[in-house]
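Presented below is the structure to which this report refers.
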Protein chains: 2
Amino acid sequence: MTATAKTAKPKPSSRKRLVDAARELFWLHGYEATAVAEILERAKVNAGSLYYYFKTKEELLLAVLENYIELLEPEVLRPAFEATADPLERIFAILLGYRVLLTMTECRQGCPIGNLALEMSEKSEPVRELIARNFENWRLAVRRCLIDAGPRLPGDVDRDKLATFILTVMEGSVMLARASRSLDAYDAAVAMLRDYIARLTERAARPIDGALRPADAQESERTNREETEP
Amino acid sequence: MTATAKTAKPKPSSRKRLVDAARELFWLHGYEATAVAEILERAKVNAGSLYYYFKTKEELLLAVLENYIELLEPEVLRPAFEATADPLERIFAILLGYRVLLTMTECRQGCPIGNLALEMSEKSEPVRELIARNFENWRLAVRRCLIDAGPRLPGDVDRDKLATFILTVMEGSVMLARASRSLDAYDAAVAMLRDYIARLTERAARPIDGALRPADAQESERTNREETEP
DNA sequence: GTCTATAAGACGATAGAC
DNA sequence: GTCTATCGTCTTATAGAC
């Protein structure tokens with residue numbers, strides 16, 4: 001059993017420790033507010049090693065953003081997809097993951113990509129592009145769920161745009177939850193989103209029979225409450 | 001005609017110049033990335049004067065956030081409300097204002113409160129509270145429009161939560177537009193929001209007659225296109 | 001690849017004259 | 001209220017030994 005064996009868990013390489021430490025600190029305090037010295041301290045690495053692997057602090061950020069792309073599947077999608085096999089419910093399981101994150105941090109920490117998007121999009125074009133790729137990654141996963149829902153959604157609903165809308169609601173509601181230190185805005189937004197999607201699927205199921213609409217609406221609202229106030 | 005006459009437009013006071021310069025630079029580059037020296041240069045004020053009015057850089061940020069509360073009515077709401085008297089259309093006129101902002105800056109600049117919310121919410125409690133008050137101000141204006149729409153919205157639609165949802169969509173879509181340097185995400189989100197509100201008003205207008213639904217849906221989609229791709 | 005020491009400058013904030 | 005000069009501190013990044 002050598003130090004490089006996959007089953008053994010020795011100290012990760014300096015490079016990996018740097019990316020992990022930087023990822024966490026950029027998430028906690030932002031890019032500008034994180035000093036290189038803090039990253040070195042947390043990673044237990046010396047300055048010389050950091051600048052051996054990365055030419056600048058910004059290059060380290062690029063490595064962090066690449067890392068987030070790799071982490072989407074195992075850290076966000078897989079846990080959510082294991083919760084349910086229903087494609088539409090999988091979307092809400094992803095959203096629930098961010099709710100758990102907000103709960104665990106008392107609404108202090110949200111989506112790390114959203115933070116960096118607003119702070120860094122104007123400062124570096126390579127950074128902006130990687131952020132856009134992160135969003136696109138997330139959006140395509142949601143779009144996959146919408147496509148898998150098949151005829152439950154009316155054929156004239158644009159899966160691509162609906163996926164964008166869902167990402168929009170997620171990022172916006174996490175922002176408001178952090179600013180207000182409350183889950184209210186998050187829950188209100190997800191409940192509305194659920195109601196909207198319920199109305200869309202409802203229309204696909206009964207395109208000409210609308211006599212039962214008021215009852216349907218009440219049911220969809222009850223469903224929201226179950227989701228957002230567990 | 002003295003220098004203090006309201007009709008005259010002499011150089012604004014140093015304090016006002018500082019708040020104006022800081023507001024613009026915090027919006028362009030964020031709080032941490034803006035040096036006090038830059039603010040002084042833009043405001044044509046010396047360091048001594050800044051620290052005569054404000055104890056710290058953070059206190060200047062608080063003044064900027066107070067200023068944004070004052071600017072909501074004349075800079076955001078009034079122009080949008082002059083465009084139309086229809087309460088629901090007024091909401092989309094507000095959203096159009098942010099679209100104009102994105103267009104003018106090639107998707108480089110968005111909502112200044114959203115930027116500061118993600119950057120500063122964890123760093124200073126007074127700052128976070130003022131950011132939350134800014135969002136609440138905006139949200140109450142939208143809620144007012146929803147209430148003014150009266151019976152066009154079904155009685156069981158929670159105006160409060162719908163207003164939160166609209167703010168959520170606005171902030172999220174501006175974030176994605178900036179990250180992707182494209183209005184596509186913004187337009188997709190606003191189109192979906194318009195479709196959702198159209199479905200809600202439709203239900204209020206004809207609570208039991210649903211035979212015309214497919215035609216209604218087509219019409220609401222055409223309306224979206226007019227709004228989001230002018 | 002890793003270490004220590006330090007360069008070179010930007011940073012927020014202050015002192016004290018006017 | 002405004003001015004200039006400057007204080008410590010913190011910053012990113014580098015040099016050069018091991």
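Protein chains get the first letters and strands the later ones, always in sequence-line order, with residue 1 at the start of each.
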Please confirm whether the shortest side-chain N or O distance from [X] to OP1 or OP2 of [N] is below 4.0 Å.
| X | N | answer |
| --- | --- | --- |
| B:S14 | D:dT2 | yes |
| B:Y53 | D:dT2 | yes |
| A:Y51 | D:dT14 | no |

Name the atoms and distances for all side-chain donor-acceptor pairs under 3.5 Å in residues 61-73 of chain A, with sequence neighbours left out.
unit_1	atom_1	unit_2	atom_2	d
A:N67	OD1	A:R23	NH1	2.6

Could you tell me if the side chain of [Y] sits less than 4.5 Å from the side chain of [X], heavy atoms only?
| X | Y | result |
| --- | --- | --- |
| A:F135 | B:M175 | yes |
| B:V190 | B:L96 | no |
| A:N115 | A:E119 | no |

Point to revise | Minimum-distance nucleotide to B:T56 side chain [options: C:dA13, C:dC11, D:dT11] | key: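 The answer is C:dA13.
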Exercise for review: Side chain of B:A35 only, please: which of D:dT2, C:dT2, C:dG12 is the nearest?
Suggested key: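 Among D:dT2, C:dT2, C:dG12, the one nearest the side chain of B:A35 is C:dG12.
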Value in whole Å for how far the [atom2] atom of [N] lies from [atom1] of [X]:
| X | N | atom1 | atom2 | value |
| --- | --- | --- | --- | --- |
| A:L18 | C:dC3 | CG | P | 11 Å |
| A:K123 | D:dT12 | NZ | C1' | 16 Å |
| B:K44 | D:dC3 | NZ | C1' | 16 Å |
| B:L40 | C:dG12 | CG | P | 9 Å |
| A:E32 | C:dG12 | CD | P | 11 Å |

Check: protein-nucleotides 4-9 of chain D nitrogen or oxygen pairs below 3.5 Å:
unit_1	atom_1	unit_2	atom_2	d
D:dT4	OP2	B:N46	OD1	3.3

Review point. Taking only residues two or more places apart in sequence, or in another chain, which ones meet B:E24 in a salt bridge (charged side-chain N to carboxylate O under 4.0 Å, His left out)?
Key: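 Salt bridge (charged side-chain N to carboxylate O under 4.0 Å, His left out) list for B:E24, sorted by chain: B:R42.
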Exercise for review: For the pair A:Q109 and B:E122, evaluate side-chain contact (heavy atoms from CB on, under 4.5 Å) and give the outcome as yes or no after the intermediate values.
Suggested key: CA-CA 8 Å; A:Q109 295 299 319; B:E122 270 45 69; 3.8 Å; yes
Review point. Under 4.0 angstrom, heavy atoms only, what part of the nucleic acid is B:T34 near: base, sugar-phosphate, or nothing?
Key: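 Contact class for B:T34: sugar-phosphate only.
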Check your understanding: When you match A:Y31 and B:V45 each to their closest nucleotide on DNA chain D, which lands nearer the 5' end?
Key ->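 Upstream on the strand: B:V45.
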Practice item. Using a strict 4.0 Å threshold on nitrogen-to-oxygen distance, state whether A:D187 and B:K161 make a salt bridge. Key: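 Salt bridge absent between A:D187 and B:K161.
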